[in-house]
Amino acid sequence: MIVQIYTAQSADEAVALAALGVDHVGLTPTSVGLPGQITEAVAAEAVDALRGRARSVALSVEVDVDEIARMAQAVRPDILHLCGEIGAVGPEDVRRLRTLLPAGMEIMQAIAVGADGDLAMARAYAEVADYLILDSYTTDVQGVGAAGVTHDWSRSAEIVASVSVPVILAGGLSADNVAEAIAVVRPWGVDSLTRTNRPLGGGRFEKDLDAVSAFVRGAAGVPTL
Ligand SMILES: O=C(O)c1ccccc1NCC(=O)[C@H](O)[C@H](O)COP(=O)(O)O
């Protein structure tokens with residue numbers, strides 16, 4: 001079971017997450033005002049520090065393909081995570097984006113579970129992306145994700161069974177519910193942001209390494225099919 005944790009706030013924190021057994025370390029290089037945002041320079045430093053330790057994932061909520069490609073070229077993550085507003089970057093845009101990325105960079109597409117046409121969108125994006133991330137949606141945060149709440153896992157299970165790319169489940173996951181989520185959805189991986197954070201006040205946070213460690217153990221405790 002792959003464990004992905006968003007979002008490291010520094011290169012040192014990214015390395016600490018990898019040392020706990022996190023497989024994918026998420027980074028949020030932007031200045032648009034997202035909960036986990038860091039600068040592109042810090043994200044690029046974290047990507048370098050993670051080489052040989054864990055895979056790096058960097059997200060974008062942008063809708064302009066050329067701007068997304070510019071960020072990807074600057075940060076150079078192993079995986080580019082597309083989580084802009086629902087449908088704003090369509091499957092054909094993702095196809096074009098791939099031609100603009102550094103060789104070998106993979107693409108993970110977010111699907112807002114519960115949105116109109118979620119299953120059809122998942123099938124269409126599965127044709128052009130390397131991974132899907134099934135996430136919760138809130139209008140409080142730009143893009144798809146960082147909602148801090150779970151969604152209808154039976155719908156996610158249906159999507160997992162309908163596509164042939166690896167799927168990560170996200171949305172309100174913590175050590176308390178990850179085993180149940182895996183048992184219901186049977187994803188390839190699981191992701192956590194809000195419920196593995198330690199708030200520092202003023203909207204800032206650091207990762208709670210004890211909570212991350214418990215999450216890694218909780219995910220590992222479920223036998224894979
Ligand atoms: O990191 C962010 O600030 C962010 C903002 C907008 C969309 C996604 C974002 N983070 C990446 C993720 O995919 C989260 O890890 C995922 O949505 C789970 O979040 P949570 O429900 O808070 O565990």
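In listed order, ligands and their atoms are each counted from 1. All of these numbers come straight from a predicted model, not from anything done at the bench.
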Under the side chain to side chain donor-acceptor pair (under 3.5 Å) definition, can you give me all pairs with a residue in residues 36-46, not counting sequence neighbours?
E40-R70

Per side-chain contact (heavy atoms from CB on, under 4.5 Å), S60 is matched among H81, M71, E67 by M71

Test: side chain to side chain donor-acceptor pair (under 3.5 Å). Region: residues 16-32. Which pairs qualify, not counting sequence neighbours?
Q4-H24, T7-T28

Taking ring pair (Phe, Tyr, Trp, His ring centres under 6.0 Å) as the test, write out the residues that go with Y131, two or more places apart.
W188

Below 3.5 Å only, please: the N or O atoms of ligand 1 paired with protein N or O atoms, distance on each line.
residue	atom	partner	partner atom	Å
ligand 1	1 (O)	T28	OG1	2.9
ligand 1	3 (O)	P35	N	3.4
ligand 1	3 (O)	G36	N	2.9
ligand 1	13 (O)	D135	OD2	3.4
ligand 1	15 (O)	D191	OD1	2.6
ligand 1	15 (O)	D191	OD2	3.3
ligand 1	17 (O)	D135	OD1	3.2
ligand 1	17 (O)	D135	OD2	2.6
ligand 1	17 (O)	A146	N	2.7
ligand 1	21 (O)	G148	N	2.9
ligand 1	21 (O)	G172	N	2.8
ligand 1	22 (O)	G148	N	3.4
ligand 1	22 (O)	T194	N	3.0
ligand 1	22 (O)	T194	OG1	2.3
ligand 1	23 (O)	L193	N	2.9
ligand 1	23 (O)	T194	N	3.4

Look at the side chain of R76 and the backbone N and O of Q73, then say whether any donor-acceptor pair between them is shorter than 3.5 Å.
yes

Nearest heavy atoms of H151 and L134, plus distance in Å:
CE1-O, 3.6 Å

